[in-house]
Amino acid sequence: MPELPEVETTKRGISPHIENRRVKEIIVRQKKLRWEVPNNLNRDLVGKIIFTVKRRGKYLLLASDNGTLIIHLGMSGRLRIVNKDLIAEKHDHVDVVLENGKALRFTDPRRFGCVLWEASDIDSHPLLKNLGTEPLHDEFESDYLFKASRGRSIAIKTFIMDSKIVVGVGNIYANESLFLAGINPKRPAGKISKAKYDKLVPSIKKILREAIAVGGTTLRDFTNSSGEPGYFKQSLNVYGRGGENCIRCGNGLKEIRLGQRSTVYCTQCQN
DNA sequence: ACTTCGACCTGTTGGC
DNA sequence: TGCCAACAGGTCGAAG
């Protein structure tokens, strides 16, 4: 499912139903996700209260007195609140059942997501400890990106998608941000000027903020709770528009592969 | 230390 | 209409 806006939207959606609720049961129907779902959850999380839901990059962190449940949605994961007795379907892999009769249900057809547990210091977890800055925090600014990029030969698009540099910039929004900033995605990160980074950082923040504001509904197969299609394409200037015309100059948009990922840009506007 | 690429999975799409 | 290859929002970890 997710890029950062979709994860943030999910967090906001589930938090009111989860925070300060006691866990009654954990149901694992399929433990083979990206990593195996640990066996200790019924021992360590059941009976505890989840007191906060936080997000770090694209990881959702459900904290209890005993430890933290770590959830990543991978490529196709979803989380929603259901009545605990709602019949589980094919890809409904994990339920966190609450004492109020509701359950947090994790669904993930491709199983690239994960449900993990950290008993002690969440920031020291191997998946989290090396993560870069949050793109919407103040410490993500052009001076940081500029300095981090010196000596790097990788394409700027690949660079801003590197979670050790900055978290949460996925393929769709990397394409969109570079269009907004007027930067060719293939340009080596280390050869881009400070002035360009001064444009790029606000572009990333703007794209992500706007996507969160509309509920992160940028996904091809997104439908809201009433079954209406989301805003896919309506808010996208380049992603998924290879061969179509640039909205700014009318030139044909070029589609290439960069780091095995679909990349679309305007050869006139982005250089 | 940096860069590239395979791997993990299922479902959907587009070409023949 | 059917079949099959290619591709899809992520990202880790091995290999070069």
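Every heavy atom of this structure was used, including side-chain atoms; hydrogens, water molecules and symmetry mates were not. Chain naming here is simple, since letters A, B, ... match the order of the sequence lines and numbering starts at 1 in each.
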task: Tell me what A:Arg257 touches on the nucleic acid: a base, only sugar-phosphate, or nothing, going by heavy atoms under 4.0 Å.
output: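 Sugar-phosphate only.
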query: Looking across every strand, which nucleic acid part, if any, lies under 4.0 Å from A:Ser153 by heavy atom: base, sugar-phosphate, or nothing?
result: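 Sugar-phosphate contact only - A:Ser153 comes under 4.0 Å of backbone atoms but never of a base.
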query: Do A:Glu8 and A:Thr10 meet the criterion of a side-chain donor-acceptor pair at a distance under 3.5 Å?
result: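 There is no such pair between these side chains.
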query: For residues A:Thr267 and A:Asn251, is any side-chain donor paired with an opposing acceptor at under 3.5 Å?
result: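 Note: A:Thr267 and A:Asn251 side chains meet the donor-acceptor criterion.
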- prompt: For the residue pair A:Ala189 and A:Arg150, what are the closest heavy atoms and their distance?
  reply: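 Taking every non-hydrogen atom into account, O-NH2, 3.4 Å.
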Residue pair A:Gln270 / A:Ile183: nearest heavy atoms and the distance that separates them: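 That closest heavy-atom pairing would be NE2-O, 2.9 Å.
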Examine distances only and state if a side-chain atom of [X] and a backbone atom of [Y] form a donor-acceptor pair shorter than 3.5 Å.
| X | Y | value |
| --- | --- | --- |
| A:Asp95 | A:Val97 | no |
| A:Thr9 | A:Gly215 | yes |
| A:Asp162 | A:Phe159 | no |

message: Can you check the distance between C:dC7 and B:dC5, where both ends of the measurement are the P atom (answer in whole Å)?
response: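 Pairwise P distance, C:dC7 against B:dC5, rounds to 15 Å.
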task: Identify the residue among A:Leu69, A:Ile71, A:Val23 that makes a side-chain contact (heavy atoms from CB on, under 4.5 Å) with A:Leu104.
output: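 For A:Leu104, the side-chain contact (heavy atoms from CB on, under 4.5 Å) test succeeds with only one of A:Leu69, A:Ile71, A:Val23, which is A:Ile71.
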Heavy atom of [range] under 4.0 Å from DNA chain B: which residues?
| range | value |
| --- | --- |
| residues 87-95 of chain A | A:Lys90, A:His91 |
| residues 139-146 of chain A | none |
| residues 104-115 of chain A | A:Pro109, A:Arg110, A:Arg111, A:Phe112 |

task: Enter the distance from A:Leu116:CG to A:Leu41:CG here, rounded to the nearest 0.5 Å.
output: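 Reported to 0.5 Å precision, the distance equals 9.0 Å.
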message: Measuring from atom OG1 of A:Thr158 to atom CE of A:Met161, what distance do you get when rounded to the nearest 0.5 angstrom?
response: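 The CE atom of A:Met161 is 7.5 Å from OG1 of A:Thr158, to the nearest 0.5 Å.
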Please determine whether a side-chain nitrogen or oxygen atom of [X] lies at a distance below 4.0 Å from atom OP1 or OP2 of [N].
| X | N | value |
| --- | --- | --- |
| A:His72 | C:dT11 | yes |
| A:Ser76 | B:dC9 | no |
| A:Tyr59 | C:dC12 | yes |
| A:Arg261 | C:dA8 | no |

For DNA chain C, the dot-bracket pattern of Watson-Crick and G-U pairs whose distances stay under 3.5 Å, | for other-strand partners: .|||||||.|||||||
- prompt: Near DNA chain C, under 4.0 Å by heavy atom, which residues of residues 28-39 of chain A?
  reply: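 By residue number: A:Arg34, A:Trp35.
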message: Show, in sequence, the C-alpha distance, side-chain angles and deciding distance for A:Arg56 and A:Glu134, and conclude whether the salt bridge (charged side-chain N to carboxylate O under 4.0 Å, His left out) test is met.
response: CA-CA 8 Å; A:Arg56 176 75 175 101; A:Glu134 285 288 334; 3.0 Å; yes
query: Does any pair with a residue in residues 36-78 of chain A pass ring pair (Phe, Tyr, Trp, His ring centres under 6.0 Å), and if so which ones, sequence neighbours excluded?
result: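 Matches after skipping sequence neighbours: A:Tyr59-A:His72.
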hbond_proxy A:Gln260 side chain to B:dG6 base (donor-acceptor, 3.5 Å cutoff):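 Under the 3.5 Å cut-off, the side chain and the base do form a donor-acceptor pair.
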field: Among B:dC2, B:dT4, C:dG10, the nucleotide that comes nearest once only the side chain of A:Met161 is considered
entry: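 Minimum distance to the A:Met161 side chain belongs to C:dG10.
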- request: Measure up the A:Phe106 and A:His93 rings against each other and bin them: parallel (under 30°), tilted (30 to 60°), perpendicular (over 60°).
  value: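 The arrangement is tilted - the two ring planes meet at 30° to 60°.
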message: How about CD on A:Glu139, more than 12 heavy atoms from neighbouring residues, nucleotides or ligands closer than 6.0 Å, or not?
response: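 Yes, CD of A:Glu139 has more than 12 neighbouring heavy atoms, counting only those of other groups under 6.0 Å.
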task: Kindly determine whether A:Asn184 and A:Lys157 satisfy side chain to side chain donor-acceptor pair (under 3.5 Å), including the steps that lead there.
output: CA-CA 8 Å; A:Asn184 185 317; A:Lys157 175 162 175 270; over 6 Å; no
